[in-house]
Amino acid sequence: MKILLDCDPGVDDALTLLHLAPLIASGEVDLVAVGTVHGNVAPDVGALNALRVLERAGLRDIPVAVGAGRPMAQPVAFASEWHGTDGLGETHLPEPAGRPAEISAPDQIVRLARRHPGELTLLAIGPLTNLGIALLLEPSLPELFREVVIMGGAFDHPGNITGHAEANIWHDPEAAELVLGAGWPITLVPLDVTHATALDGEWLDRLAAGEGEIARLAARVLEFYVNAYHRSLGVRGAVIHDALAAMLAIDPSLGDYTERPVRVELRGDRTRGATLWDRRRYADEGDRPPVKVAVRVDVAAFRERLLASLL
Ligand code: RIB
Ligand code: CA
């Protein structure tokens, strides 16, 4: 399957690239290109981080394009307390050999969609600004993708930036509202299911025992994130949100889904960035297209498959 990744690397974004590496090497996944967006870090930093991680995983010929440096309608904010100022857990790895592509990430989304109509899975694991811009550039974009899998949102689960808003949606609510209402085949992977897959100390110890280049890099990049998790929640563990979205994109049978329209709160003083759905049996959703939302996942399979790919 052909995947176009949009990300804000970021620790769990980086772990997702490492998770995909063996699948790309085996040919099961063709990572056509990567785009970066503001969020955990600035997109130019994120692009160099994507190149650093891909090169260490032995993948050198995948284009990485820099995307939007700020949201559509609010000041930019980063998440260095969780991902480090360098976006890779303060590892400050050497510069990559490769350089970002000339094209912008939104233009890359439009160009590749036109080149491979109906073939690509767009995997979005950062704020949705690039996808929103691409929709404005190419109104027929929703017809050109096989599927759009998005890590984002929170329904029967608190947010992680505010009590109501999940980070990828909160970082650009206007873009998220545009994307979730555009009518393309979306599968949304919210905190409701990513938090269920939280990794514990035992999992981290099994990763730490790995001797391969990828396992060692994963453990190194994860350390800062695990400490931040421990500081905030008092337990040793980590939630690798983005890797679950990638795993469900590749093997949807790992999850159960419900389908209904999802809106984003744009005007609430306290609720801006919240993802909203109407679960009344006869809800009148007007012409808002439905999206698939993952509501349950095979947690054991996630933990084993993530560890196996890194080891
Ligand atoms: O809420 C989790 C999301 O925010 C993940 O994509 C993580 O990388 C951060 O961007
Ligand atoms: Ca991310």
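In listed order, ligands and their atoms are each counted from 1. These numbers were taken from a predicted model, which means no experiment stands behind them. Values reported hereafter were calculated over all heavy atoms of this structure, with side chains retained and with hydrogens, waters and symmetry mates removed.
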>> For Leu199, run the side chain to side chain contact (heavy atoms under 4.5 Å, CB included) check against Leu306, Leu307, Val239 and tell me which one passes.
In response: Leu306

> So which heavy atom in the protein is nearest atom 9 (C) of ligand 1, and how far is it from that ligand atom?
Replying inline: Asn40 OD1, 3.4 Å

>> At a threshold of 3.0 Å, where the distance has to be below it, does the Ca ion (ligand 2) have an N, O or S atom of Asp13 nearby?
In response: yes

> Checking only N/O/S atoms, does Ile125 have one that is under 3.0 Å from the Ca ion (ligand 2)?
Replying inline: yes

> What is the closest protein heavy atom to atom 6 (O) of ligand 1, and at what distance does it sit?
Replying inline: Asp242 OD1, 2.6 Å

> With a 4.5 Å heavy-atom cut-off, do Arg146 and Lys2 have their side chains touching?
Replying inline: no

> At under 4.0 Å between heavy atoms, which part of Asp8 makes contact with ligand 1: side chain, backbone, both or neither?
Replying inline: side chain

>> Less than 4.0 angstrom from a charged side-chain N to a carboxylate O is my criterion; do Arg236 and Glu202 meet it?
In response: no

>> Which of the numbered atoms in ligand 1 are under 4.0 angstrom from any heavy atom belonging to Met151?
In response: 2 (C), 3 (C), 5 (C), 6 (O)

> Of the non-hydrogen atoms in Leu141 and Ala134, which two are nearest, and what is the gap between them?
Replying inline: CD2-CB, 3.6 Å

>> Of all the N, O or S atoms in Asp8, which has the shortest distance to the Ca ion (ligand 2)?
In response: OD1

>> Heavy-atom distances under 4.0 Å decide this one: backbone, side chain, both or neither, for Ile125 against ligand 1?
In response: backbone

> Should Glu177 and Arg288 count as an ion pair when the cut-off is N to O under 4.0 Å?
Replying inline: yes

> So Tyr225 and His83, would you call those rings parallel, tilted or perpendicular, with 30° and 60° as cut-offs?
Replying inline: tilted

> Hey, is Thr194 touching ligand 1 through its side chain, its backbone, both or neither, going by heavy atoms under 4.0 Å?
Replying inline: neither

>> Does the structure place the NZ or CZ of Arg260 under 6.0 Å from the centre of the six-membered ring of Trp277, at an angle of no more than 45° from the ring's axis?
In response: yes

>> To check your reading of the model: name the closest protein heavy atom to atom 2 (C) of ligand 1, its residue, and the distance in Å.
In response: Glu166 OE2, 3.3 Å

> Quick one: nearest non-hydrogen protein atom to atom 8 (O) of ligand 1, plus distance?
Replying inline: Asp12 OD1, 2.5 Å

